[in-house]
Amino acid sequence: MIKRNQSKFIQGIIAIAGLLFLGAAIYTLVYDVNTYIQQFRQRDWPSATATVIHVNKRIESGAGRSHARHTVYDIFYQYEAEGNVYTDAIYGINTGRQYGETFEIKYNPAAPQDSTHYLEPTFGFVVFGVLGFLFFSFAGSMMVRSALPKRKRRSQTGPSSTV
């Protein structure tokens, strides 16, 4: 009896994990496609030259067993738009920049304090979203499916009768 209850408990845990994976699949797809749509809407924003005013270098640890550590940079920059000076930041990118270095950004003409370093829409977000959706939905559906009770098969010949 204890083994049967434990088995049902483990099946419940697997089913819940599967549902979480299915939720992650939907979230990944929606988030990444929405990011692409946002970038697409920004394609006509005016550009400006930004100047790096501060760089924060930091070490992040990866998840999982490897705990791989890698360096990321937070780039703080300043730009002029419509006669005013604004500051913004790019967080957690893999390549650093030097203090005083310049690069192109785009800003929202309706709200110049909003800027982006993406100059063109990046279709990679859609690709990553679809691949993430496929991976998480496959894994989640397999977990949920494995947690469902197994159906008993009927005999194909039916009850035997002798006359």
Side-chain angles (χ1 to χ4, degrees), residues 9-148:
F9 176 74
I10 290 172
Q11 284 179 329
I13 296 294
I14 291 171
I16 290 170
L19 292 173
L20 288 173
F21 267 71
L22 290 171
I26 294 168
Y27 175 81
T28 300
L29 182 65
V30 169
Y31 179 82
D32 288 342
V33 169
N34 186 49
T35 299
Y36 178 76
I37 290 169
Q38 244 180 334
Q39 289 179 353
F40 192 77
R41 289 181 181 152
Q42 297 166 350
R43 72 187 185 284
D44 294 330
W45 284 7
S47 61
T49 301
T51 303
V52 176
I53 57 173
H54 180 71
V55 178
N56 182 30
K57 177 180 174 182
R58 56 192 167 92
I59 306 294
E60 285 188 347
S61 295
R65 287 184 175 209
S66 68
H67 296 291
R69 298 165 55 96
H70 62 280
T71 303
V72 295
Y73 300 88
D74 301 329
I75 310 295
F76 297 86
Y77 60 91
Q78 178 175 304
Y79 62 99
E80 186 176 332
E82 301 178 12
N84 294 312
V85 176
Y86 299 97
T87 58
D88 206 347
I90 307 167
Y91 295 101
I93 62 172
N94 293 326
T95 54
R97 294 189 182 265
Q98 298 296 317
Y99 176 83
E101 185 178 341
T102 60
F103 61 99
E104 288 297 305
I105 55 101
K106 286 184 164 186
Y107 66 91
N108 184 349
Q113 69 275 11
D114 296 334
S115 68
T116 181
H117 66 285
Y118 291 107
L119 301 178
E120 295 292 327
T122 307
F123 195 72
F125 281 106
V126 175
V127 171
F128 182 77
V130 169
L131 291 176
F133 175 79
L134 291 173
F135 171 77
F136 284 119
S137 62
F138 176 76
S141 63
M142 294 305 290
M143 289 171 150
V144 169
R145 186 174 180 201
S146 73
L148 294 175

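These figures come from a predicted structure and were not determined experimentally. Numbering of residues begins at 1 and proceeds along the displayed sequence.
- Residues Leu22 and Leu19 form a side-chain contact, since some pair of their non-hydrogen atoms from C-beta on lies under 4.5 Å apart.
- For Arg145, the CZ atom counts as loosely surrounded, since its 6.0 Å shell holds 12 or fewer non-hydrogen atoms of other residues, nucleotides or ligands.
- With rounding to the nearest 0.5 angstrom, the CD1 atom of Ile14 is 11.0 Å from the CZ atom of Phe9.
- At distances below 3.5 Å, not a single donor-acceptor pair connects side-chain atoms of Thr122 with backbone N or O atoms of Gly124.
- The shortest side-chain heavy-atom distance between Val127 and Phe125 does not fall under the 4.5 Å cut-off.
- The shortest non-hydrogen separation linking Ala139 to Phe21 is CB-CD2, 3.7 Å.
- Within the 4.5 Å cutoff, the side chain of Ile37 has no heavy atoms near those of the Gln39 side chain.
- The two residues Asp114 and Trp45 have their closest heavy-atom pair at O-CZ3, 4.0 Å.
- Contact check for Glu60 versus His70: side-chain heavy atoms found under the 4.5 Å cut-off.
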Exercise answer: donor-acceptor pairs, residues 27-34 side-chain atoms, under 3.5 Å, sequence neighbours excluded:
residue : atom : partner : partner atom : Å
Thr28   : OG1  : Ala24   : O            : 2.8
Asp32   : OD2  : Gly129  : N            : 3.4

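- In this structure, the side chains of Thr71 and Lys57 come closer than 4.5 Å at one or more pairs of heavy atoms.
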Compile the donor-acceptor pairs under 3.5 Å between side chains in residues 85-99 and protein atoms, sequence neighbours left out, one pair per line.
residue : atom : partner : partner atom : Å
Tyr86   : OH   : Asn84   : ND2          : 3.4
Asp88   : OD2  : Ser115  : OG           : 2.8
Arg97   : NH1  : Glu101  : OE2          : 3.3

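- Residues Ile105 and Ser47 fail the side-chain proximity criterion, which asks for heavy atoms closer than 4.5 Å.
- Heavy atoms only, all atoms of each residue included: Glu80 and Ala48 are closest at O-CB, 3.8 Å.
- When all heavy atoms of Asn108 and Ala110 are compared, the pair lying nearest together is OD1-N, 2.9 Å.
- For the pair Glu82/Pro109, a side-chain contact is recorded, criterion being any heavy-atom separation below 4.5 Å from C-beta on.
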Derivation of the side chain to side chain donor-acceptor pair (under 3.5 Å) call for Thr49 and Glu104: CA-CA 5 Å; Thr49 301; Glu104 288 297 305; 3.0 Å; yes
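- To the nearest 0.5 angstrom, Gln42 atom CD is 14.0 Å from Tyr107 atom OH.
- For the pair Ala50 and Tyr79, the tightest heavy-atom approach, listed with the atom from each and the gap, is CA-CB, 4.1 Å.
- When side chains are defined from C-beta on, Thr51 does not count as touching Phe103, because their heavy atoms never get closer than 4.5 Å.
- Between the NE2 atom of His117 and the NZ atom of Lys106 there is a distance of 13.0 Å, given to the nearest 0.5 Å.
- Taking both residues in full, the closest heavy atoms of Tyr73 and Val55 are given as CD2-CG1, 3.9 Å, listed atom of the first, atom of the second, then distance.
- A 6.0 Å sphere centred on CZ of Arg41 holds no more than 12 heavy atoms belonging to other residues, nucleotides or ligands.
- For the atom pair Phe136 CZ and Phe133 CZ, the distance stands at 12.0 Å (nearest 0.5 Å).
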Stepwise side chain to side chain contact (heavy atoms under 4.5 Å, CB included) test for Asn56 and His54: CA-CA 7 Å; Asn56 182 30; His54 180 71; 4.2 Å; yes
